[in-house]
Each structure stands twice: as C-alpha cells, then as structure tokens.
2 protein chains.
Amino acid sequence: METLDTVPDEDFLRLDHQICFSLHAATRAFNGVYREALKELGLTYPQYLVMLVLWEHGELPVKGIGERLRLDSGTLSPLLKRLEAAGYVERRRSPEDERSVTVRPTGAGTALKEKALGVPRRIAAATGLPLEDIRDLRERLDALAVRLDGVDPDALGSCT
Amino acid sequence: METLDTVPDEDFLRLDHQICFSLHAATRAFNGVYREALKELGLTYPQYLVMLVLWEHGELPVKGIGERLRLDSGTLSPLLKRLEAAGYVERRRSPEDERSVTVRPTGAGTALKEKALGVPRRIAAATGLPLEDIRDLRERLDALAVRLDGVDPDALGSCT
DNA sequence: CACGATTCAGTTGTGCACAACTCAATCGCG
DNA sequence: CGCGATTGAGTTGTGCACAACTGAATCGTG
C-alpha cells in the first residue's frame with residue numbers, strides 16, 4: 001500500500017503534488033469570482049464575510065466577528081473603519097465594557113442584504129458542482145482547517 | 001432530490017453553508033502551518049512556491065513563473081527582488097529578448113533545496129490525512145479552480 | 001481596596017494579491 | 001522598411017493577513 005513513507009522526498013517537493021498550491025490557487029480563483037459578483041455591492045470579499053455575520057447576528061463586538069471569521073483586530077479594525085466610511089456599519093463602544101466595540105449594520109447595511117441574497121447562489125452555480133459535492137468539499141476543508149489549527153508548532157521545526 | 005434550486009436564498013446566505021469561507025479558513029490555516037515550517041528557511045509561503053518552480057526548472061523568465069503560479073508581475077517583481085536581496089536568486093535581462101528577465105537560483109538558493117526537502121512531508125503529516133485523500137482533495141480543488149477561472153464575468157452580475 | 005495579570009481594540013510594519021498604469025523591446029502587417 | 005499593436009517587467013495604490021506592540025478597561029486575588 002502507498003503511504004506517506006513510501007514516497008520519496010523529491011516527489012513531495014514537486015509542485016504539482018502539493019495540496020497547498022491547489023488550495024492557494026482555488027482560493028484565488030474564488031476570490032476573483034467573488035470580486036466580480038460583489039462589485040455591484042461595493043464590497044470586497046472579506047468585507048462581505050463581515051456583513052454576512054452581522055446579518056446573521058444583528059450586532060457583534062469586534063471580538064465576536066473575529067472569532068467567527070478567525071481574523072484578529074489588526075485585520076478587522078481597518079476593515080471595519082472602511083465599512084463604516086461606506087455607511088454600512090456603525091461602531092460604538094459598549095457601555096457595559098468600555099474596552100469592547102459593538103458593530104452593527106446601519107439601514108444601508110441591512111438593505112444591502114437584499115442585493116446580496118443572490119450572490120452565493122450564483123457562485124455555487126459558477127462552480128458547476130452539485131450541492132452535495134460542495135457540501136462534501138466544505139466538510140473536508142473544515143476538518144483540515146481544524147487539524148492544521150491544532151498542530152503543535154514544534155512538530156514543524158527541523159526534523160530532529 | 002436536493003438541487004441548487006430547492007434551497008432558499010437565506011440558507012445560501014448563511015455563513016456556515018458557504019464553501020468559500022471554508023476555503024478561506026483552510027488556506028489561512030495552511031499558511032500558518034507553512035509559515036512555521038518555513039521559518040528556518042527564511043522564506044514566506046509564496047517565496048517558497050517560487051523556489052519550488054525554480055528548483056524544478058533550473059531557470060525561468062518572470063513570465064514563466066507567473067504562468068505556473070498564476071501570479072502577475074505586480075506580485076512577482078517585488079517578491080523576486082526580496083528573494084534576490086536574500087541571495088537566493090539572480091535576475092538577468094535575457095540577451096535574446098531584452099524585455100524578458102531570467103530568474104535562476106544562486107548557489108545558496110540551490111542549497112536551500114536540501115533543507116526544504118522535509119517540509120512538504122511534515123505538512124502532509126500535519127494534515128493527518130492519508131496520501132490518497134490528499135490527492136483526491138487536490139484534484140477536486142484543481143478542477144474547481146479551472147472551472148472558476150473559466151467563468152464568464154457577465155454571468156455573475158445582477159440576476160438579469 | 002490595591003495592584004498585577006488579562007482582555008480588547010487599535011496601530012505599525014512587512015508581505016502578498018491585484019487592478020491600472022508606464023515604458024521599453026519586439027512583432028507583424030502594409 | 002516603418003509604424004501601430006502587442007508583450008514583458010516594473011511601479012503605484014488599495015486592501016487583506018498577521019506579528020508585535022500600545023494603551024485603556026476590567027478582572028482576580030490577596
């Protein structure tokens with residue numbers, strides 16, 4: 001049987017054997033398609049993700065958004081500032097905890113949801129995959145991400 | 001049977017139904033793992049991809065690297081400049097075509113390959129997936145990227 | 001209550017992705 | 001041959017990702 005151990009290093013190093021490259025390429029291909037689809041909404045893809053969680057939850061602290069999207073404040077702070085400048089969200093320091101900032105969609109931000117409704121369907125159609133396959137792929141990717149997030153950094157250093 | 005058409009818009013809009021998010025998250029998880037593994041080589045992940053194609057091909061014009069990695073000169077030019085500053089590659093205008101710049105690994109760049117040999121294996125091990133599954137996932141992602149790259153931009157505009 | 005530890009948002013700096021552009025070299029057609 | 005179109009690398013500007021850091025608010029334990 002073919003296992004990790006029976007494949008020579010050289011083969012592992014060849015670009016076309018590496019899943020990471022495919023993942024990278026697929027992500028950028030998706031980004032390109034989303035860029036096109038989101039153009040009419042005036043949103044970038046990460047901004048769209050933020051609006052998605054806000055539409056679902058009504059309002060969230062920055063931290064809550066970050067947990068759901070696995071993004072830190074260094075990424076979210078400027079992104080939210082741009083969304084605020086575009087008039088789609090409001091930011092307010094929480095009265096209960098002055099450290100926290102609550103983000104919620106404005107009227108315009110909520111209205112945007114109607115225009116966004118068709119987007120994921122069109123993307124799904126663009127993949128040309130049946131819903132079942134999309135789900136299956138999604139589950140594999142999620143499982144992969146969970147595994148990779150849990151990897152011990154020391155295990156990746158040199159082969160000691 | 002459940003098809004694209006029998007699922008309501010709302011469900012499509014829910015974050016946890018969307019493959020793009022999973023892809024995004026998986027890519028960032030991978031990047032994190034690679035960042036760790038590549039730290040000892042002093043390479044970022046995209047720089048590592050460039051070195052991979054150079055190790056395979058010996059030398060390539062900037063355009064050739066871009067074709068293999070689907071990156072344009074706007075991304076590659078500064079990246080290659082950094083690789084050159086690090087002493088891993090050389091850039092020379094091609095004598096046959098003065099527009100073209102040939103990139104090839106220096107001695108240090110070639111030597112780096114030995115240190116890199118173990119990296120993809122450690123990454124593969126970190127995924128915890130059997131080789132067969134990794135390959136299967138890779139093929140699906142490649143097929144997806146090809147489809148998405150071929151999408152007609154007009155098909156993504158508003159639902160007209 | 002006091003004070004060190006923690007939490008949260010934000011800033012800074014580096015690097016990647018990509019659109020739009022510049023400019024020189026080359027190509028190709030009349 | 002001459003000249004407009006194309007090609008290839010590079011630059012500029014915008015936005016995201018993330019590490020490292022700041023500073024204020026809050027928490028927890030003595």
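Below, chain A is the first sequence line, B the second, and so on; all start at residue 1. Bear in mind the structure is a predicted one, so any value in this text is a computation, not a measurement.
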Please state how far atom CZ in Arg28(B) lies from atom C1' in dA17(C), giving the value in whole angstrom units. 15 Å

What is the distance from CG of Leu79(B) to P of dC18(C), rounded to the nearest Å? 13 Å

For Glu84(A), all residues meeting salt bridge (charged side-chain N to carboxylate O under 4.0 Å, His left out), sequence neighbours excluded: Arg91(A)

Of Thr75(B) and Pro46(A), the one whose closest nucleotide on DNA chain D sits nearer the 5' end is Thr75(B)

Only counting residues at least two apart or in another chain, list the ones meeting side-chain contact (heavy atoms from CB on, under 4.5 Å) with Lys113(B). Glu10(A), Leu13(A), Trp55(B)

With sequence neighbours excluded, residues passing side chain to side chain donor-acceptor pair (under 3.5 Å) with Glu59(B): none

How many Å lie between NZ on Lys39(A) and P on dC18(C), as a whole number? 14 Å

For Asp97(B), all residues meeting salt bridge (charged side-chain N to carboxylate O under 4.0 Å, His left out), sequence neighbours excluded: Arg99(B)

To the nearest Å, how far apart are Tyr45(A) OH and dA17(D) C1'? 14 Å

Contact pattern, 5' to 3', of nucleotides 2-10 of chain D - B, S or - by protein heavy atom under 4.0 Å: -----BSBB

Only counting residues at least two apart or in another chain, list the ones meeting salt bridge (charged side-chain N to carboxylate O under 4.0 Å, His left out) with Arg104(A). Glu90(A)

Can you check the Glu67(A) CD to dA9(C) C1' distance for me, whole Å? 14 Å

Rounded distance in Å - OH (Tyr34(B)) to P (dC18(D)): 16 Å

5'-most contact on DNA chain D: Glu96(A) or Asp72(A), nearest heavy atom basis? Asp72(A)

Ion pair check, Glu36(B) and Lys39(B), cut-off under 4.0 Å: yes

When rounded to whole Å, the CD1 to C1' distance for the pair Ile65(A) and dA9(C) reads 12 Å

Take atom CG of Asn31(A) and atom C1' of dG15(D), then tell me their distance rounded to the nearest Å. 12 Å

